[in-house]
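Start at 1 and go down the list; that is how both ligands and their atoms are numbered. Computed from a prediction, not measured in an experiment: that's the story for all the values here.
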Amino acid sequence: MTVSDTPAVEAQGLSKTFGQVTALREVSLTVGRGEIVVLLGLSGSGKTTLLRHLNALETTTTGRLHVLGEDIAGLRGRDLRRLRSRIGMVFQQFHLVGRLTVLENVLTGSLAGLRGPRLGIASYPREHRRRALTQLDRVGLLDKSYQRADTLSGGQQQRVAIARALMQEPEILLADEPVASLDPESSDQVMALLRDIAAERQLTVICSLHQVEVALAWGQRIVGMRSGGIVLDTPAAELTREAAMRIYGRMTATLAEAK
Ligand SMILES: Nc1ncnc2c1ncn2[C@@H]1O[C@H](COP(=O)(O)OP(=O)(O)OP(=O)(O)O)[C@@H](O)[C@H]1O
Ligand SMILES: [Mg+2]
C-alpha cells in the first residue's frame with residue numbers, strides 16, 4: 001500500500017466522555033483521500049468533538065484513530081506537529097486578525113514552516129508572499145490583499161481563512177460550521193470554493209454543518225450524528241427524509257418544507 005492509498009481518516013469505536021457527558025459514542029468512520037464529507041447534526045451531537053479528534057486537539061477515551069496513516073494516540077512532539085501541519089482548519093468565526101491586512105493573515109498560515117515571530121509583510125520570504133498571493137487569487141480576493149481584514153464581509157473573511165489554511169498545503173481540510181454565520185449567497189460561495197479546491201487538489205474535506213439544505217446542496221457524502229453517534233452515512237443524493245429523521249427527530253417537518 002502506498003502512502004496515498006492510506007485513508008485520510010480511519011476511526012474505530014471512538015468514544016469520548018467529558019465527565020458525565022458522552023460527546024462521542026463508538027464512532028467508526030473511514031474517509032478516503034479526496035472525499036468531501038459533511039458531518040450533519042444538531043447542536044451538541046458531537047461534530048466539533050469529532051473534528052478536534054482528527055486534528056489531535058482532543059484525546060480519545062476509548063477506540064482507535066488513524067489520520068493520514070498515523071495512530072494519533074501515539075504521537076508526541078515533533079511527530080504531532082508534523083501531522084498537524086498536514087491538516088488545515090477553518091472555523092465558523094474565521095479567526096482572522098482584523099487589524100492586519102488580508103495578505104498578512106494569509107501569510108500567518110505558513111508560520112509552521114518558519115522560525116520566530118514575523119512583523120509585517122516584508123519579513124516573510126518572497127516565495128511565501130508569492131504563494132500567499134496565489135492563494136488569494138484562487139479564492140477570488142487578490143484585489144483585497146492590502147485591505148484590513150476587518151473591512152471585509154463575512155463571506156470574504158471566510159475565503160481569506162481558507163486561503164490561510166491552504167498556505168500549509170494540507171492534505172485534509174477540517175471545516176467546523178464554516179458557513180453558520182453567513183447569508184445564503186456567501187454560504188454558497190464558500191461551499192462551492194471548498195468543493196472546487198477539494199477536487200483540484202485531491203484534498204480531503206470534512207465539514208460540519210447543521211443546516212440540512214446546505215448539506216443536501218453541497219455534500220457528497222453525508223454522515224449524520226446524533227448524541228455522539230453516527231446514525232447515517234450516505235451519498236447526499238440518496239438522503240431520504242426517513243434517513244434524516246434519525247438525525248433530526250422532531251425537526252422533520254422543517255426538512256419536509258426544505259425538500
Ligand atoms: N471540553 C468540554 N467539556 C465538557 N463537555 C464538552 C466539551 N466539549 C464538548 N462537550 C460536550 O460534548 C457534547 C458534544 O459537543 P460538540 O461541541 O462536539 O457538539 P457540536 O455537534 O459541535 O455542537 P454545535 O452544533 O453546537 O457546535 C456536548 O454535550 C458538549 O456540551
Ligand atoms: Mg460544534
Evaluate the side chain to side chain contact (heavy atoms under 4.5 Å, CB included) criterion for residues Leu203 and Leu194: first the C-alpha distance (whole Å), next the side-chain angles of each, then the deciding distance (0.1 Å), finally the verdict.
-> CA-CA 9 Å; Leu203 177 70; Leu194 289 175; over 6 Å; no

N/O of Gly41 under 3.5 Å from N/O of ligand 1, yes or no?
-> no

Hey, does Glu58 sit under 4.0 Å from ligand 1 if you only count heavy atoms?
->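 No heavy atom of Glu58 comes that close to ligand 1.
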
Using a strict cut-off of 4.0 Å, indicate which atoms of ligand 1 neighbour a heavy atom of Glu177.
->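 Answer for ligand 1: 25 (O).
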
Spacing of NZ belonging to Lys144 relative to CG belonging to Leu152, to within rounding of 0.5 Å | 6.0 Å

To the nearest 0.5 Å, tell me how far Arg159 CZ sits from Leu141 CG.
-> 4.5 Å

Thr48 backbone or side-chain N/O/S under 2.8 Å from the Mg ion (ligand 2) =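 So Thr48 does bind the Mg ion (ligand 2) by this criterion.
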
For [atom], what's the nearest protein heavy atom and its distance?
| atom | answer |
| --- | --- |
| atom 6 (C) of ligand 1 | Phe18 CD1, 3.2 Å |
| atom 28 (C) of ligand 1 | Gly44 O, 3.9 Å |
| atom 12 (O) of ligand 1 | Ala23 CB, 3.2 Å |
| atom 17 (O) of ligand 1 | Thr48 CB, 3.7 Å |
| atom 25 (O) of ligand 1 | Lys47 NZ, 2.8 Å |
| atom 26 (O) of ligand 1 | Ser43 OG, 2.6 Å |
| atom 15 (O) of ligand 1 | Thr49 OG1, 3.7 Å |

Is Glu169 paired with Arg131 through a side-chain N to carboxylate O contact shorter than 4.0 Å?
-> yes

Does the distance from a Lys or Arg side-chain N to an Asp or Glu carboxylate O, for Asp176 and Lys47, drop under 4.0 Å?
-> no

Side chain to side chain contact (heavy atoms under 4.5 Å, CB included) between Leu239 and Leu216, worked out = CA-CA 8 Å; Leu239 182 61; Leu216 289 175; 3.3 Å; yes

Taking the side chain from His53 and the backbone from Thr49, do they hold a donor-acceptor pair closer than 3.5 Å?
-> yes

Gln168 side-chain N/O to Ser85 backbone N/O, donor-acceptor pair under 3.5 Å =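 At least one qualifying donor-acceptor pair exists.
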
For ligand 1, is any non-hydrogen atom under 4.0 Å from [X]'s backbone (N, CA, C, O), its side chain (CB onward), both, or neither?
| X | result |
| --- | --- |
| Leu42 | backbone |
| His210 | neither |
| Val21 | side chain |

Joint cluster assignment, Val97 & Leu107, ILVMFWY side-chain distance < 4.5 Å | no

